[in-house]
Amino acid sequence: MKKRTQLGLAISSVLFAFGSASANAAELEITVTNATKGIYFTPLIVAAHNSDLFMFRTGQSASAELESMAEGGDISGLSTVIGNAGGVVVENPAAGILDPGVGTTFTLDSGDLEYLSLSAMLLPTNDGFVGLDSWKIPTTPGTYKATLNGYDAGTEANDEIASSMPNPPFITFGSGATGVETVVTNAVVHVHPGNLGDADATGGNSDLDSSAHRWLNPVATITIVVK
């Protein structure tokens with residue numbers, strides 16, 4: 001009888017442990033929508049992680065991995081760093097570029113991880129990106145909504161010259177611009193002031209079209225359903 005009692009307690013303890021893990025787990029249904037008129041998002045990276053890890057911090061210098069994402073849309077470095085640190089990563093849920101006015105919906109099982117972050121480069125910019133920094137995942141099931149700002153990685157001057165930015169075929173650039181900025185004026189991650197652009201397709205300060213490529217924050221909306 002004594003052995004059976006001990007075995008019963010052991011089984012109960014295991015079941016309780018599994019039950020606790022299940023109760024703490026959070027399955028998230030996430031929808032990210034590009035809220036701009038003429039700005040495109042490169043493939044998104046979305047991650048659940050603990051408090052000792054982050055994708056970016058305003059007021060701090062960008063990591064090499066963040067710089068690669070913000071200047072060229074390369075999310076592989078961020079994905080590797082976060083994955084190696086125990087985070088859960090969803091890469092490219094929109095299966096490519098997220099166009100203006102378009103949303104993408106996907107799921108992420110955050111397990112016992114408490115925070116959610118995301119980023120993607122903004123096109124056309126020099127080093128701009130849409131970002132969510134360490135949003136605390138609620139423990140109460142429900143639907144949660146927020147708007148997302150565009151950030152500047154602080155790694156490249158916002159000259160708005162076509163040769164300084166990725167040139168995808170779906171964006172029409174001007175030419176002959178002298179440059180809006182020539183040097184980095186704020187070398188840490190900060191809220192992006194938006195593109196300036198101009199109406200001169202063969203000169204002026206910018207190779208961007210102010211009627212299509214100018215933007216102000218916020219640049220995206222996010223809806224998170226905690227189940």
Side-chain angles (χ1 to χ4, degrees), residues 21-35 39-58 60-99 102-123 125 127-139 141-155 166 168 189 192 218-227:
S22 177
N24 290 335
E27 182 182 346
L28 311 178
E29 181 183 276
I30 302 170
T31 301
V32 178
T33 301
N34 182 337
I39 301 299
Y40 299 80
F41 298 173
T42 60
L44 288 157
I45 177 170
V46 186
H49 56 88
N50 285 322
S51 60
D52 57 352
L53 185 65
F54 55 87
M55 252 185 223
F56 67 95
R57 280 284 189 269
T58 54
Q60 296 187 18
S61 298
S63 65
E65 294 80 12
L66 184 73
E67 181 178 0
S68 293
M69 181 280 301
E71 292 187 8
D74 181 2
I75 60 176
S76 61
L78 286 173
S79 180
T80 298
V81 169
I82 295 169
N84 288 344
V88 175
V89 178
V90 174
E91 297 182 49
N92 194 16
I97 298 295
L98 190 62
D99 293 344
V102 177
T104 181
T105 300
F106 54 96
T107 59
L108 184 155
D109 188 347
S110 63
D112 59 356
L113 301 170
E114 297 180 303
Y115 295 90
L116 186 73
S117 294
L118 71 78
S119 63
M121 184 184 184
L122 301 175
L123 294 175
T125 67
D127 60 343
F129 65 97
V130 57
L132 175 67
D133 173 29
S134 301
W135 182 76
K136 185 69 180 291
I137 300 171
T139 57
T143 299
Y144 301 84
K145 298 182 179 182
T147 55
L148 305 180
N149 283 335
Y151 294 88
D152 190 311
T155 57
V189 177
H192 203 295
V219 295
T221 63
I222 186 168
T223 300
I224 302 167
V225 180
V226 180
K227 299 182 178 181

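- Taking 4.5 Å as the limit, some side-chain heavy atom of L116 sits within range of a side-chain heavy atom of L28.
- Under a 3.5 Å cut-off, the side chain of N92 and the backbone N or O of A95 do form a donor-acceptor pair.
- The shortest distance between side-chain heavy atoms of T33 and V102 does not fall below 4.5 Å.
- Within the model, atoms OH of Y151 and CG of D133 stand 7.0 Å from one another, a figure rounded to the nearest 0.5 Å.
- Among all heavy-atom pairs drawn from T104 and L44, the shortest one is CG2-CD1, 4.0 Å.
- A heavy-atom distance below 4.5 Å is not found between the side chains of E65 and I82.
- When atom types are taken as modelled, the side chain of N34 and the backbone of G103 share no donor-acceptor pair closer than 3.5 angstrom.
- Checked by atom type and distance alone, the side chain of T155 never pairs as donor or acceptor with a backbone atom of E67 at under 3.5 Å.
- The distance from the CG atom of L78 to the CD1 atom of I45 is 5.0 Å, given to the nearest 0.5 Å.
- Partner V46 forms a side chain to side chain contact (heavy atoms under 4.5 Å, CB included) with one of V88, I30, V89 and no other, that one being I30.
- By the 4.5 Å heavy-atom criterion applied to side chains, F54 and Q60 are counted as neighbours.
- In this structure, S134 OG and L53 CG are separated by 8.0 Å, a value rounded to the nearest 0.5 Å.
- Between the CG atom in D74 and the CG atom in L66 there is a gap of 11.5 Å [rounded to 0.5 Å].
- Here the closest non-hydrogen pair linking G128 and H192 is CA-CD2, 3.7 Å.
- Residues L113 and G86 come closest through the heavy atom pair CD1-O, 3.8 Å.
- Side-chain N or O atoms of N50 include none that pairs as donor or acceptor with a backbone N or O of D52 at under 3.5 Å.
- Listed for the S79 side chain is no donor-acceptor partner under 3.5 Å among the backbone atoms of I75.
- Across A120 and T42, no two heavy atoms sit closer than the pair CB-O, 3.3 Å.
- Applying the salt bridge (charged side-chain N to carboxylate O under 4.0 Å, His left out) criterion to E29, with sequence neighbours excluded, gives K227.
- Note that the CG atom of L123 and the OH atom of Y40 stand 9.5 Å from one another [nearest 0.5 Å].
- T125 places no side-chain N or O within 3.5 Å of a backbone atom of M121 that could act as its donor or acceptor partner.
- When side chains are defined from C-beta on, H49 counts as touching S117, because their heavy atoms get closer than 4.5 Å.
- With rounding to the nearest 0.5 angstrom, the CD1 atom of I222 is 13.5 Å from the OH atom of Y144.
- Using a 4.5 Å heavy-atom cutoff, the side chains of F106 and V90 are in contact.
- A70 meets the side-chain contact (heavy atoms from CB on, under 4.5 Å) test with D127, F129, A153; sequence neighbours excluded.
- Side-chain contact, T31 with T223: no donor N or O sits under 3.5 Å from an acceptor N or O.
- In this structure the side chain of L148 never reaches within 4.5 angstrom of the side chain of T221, judged on heavy atoms.
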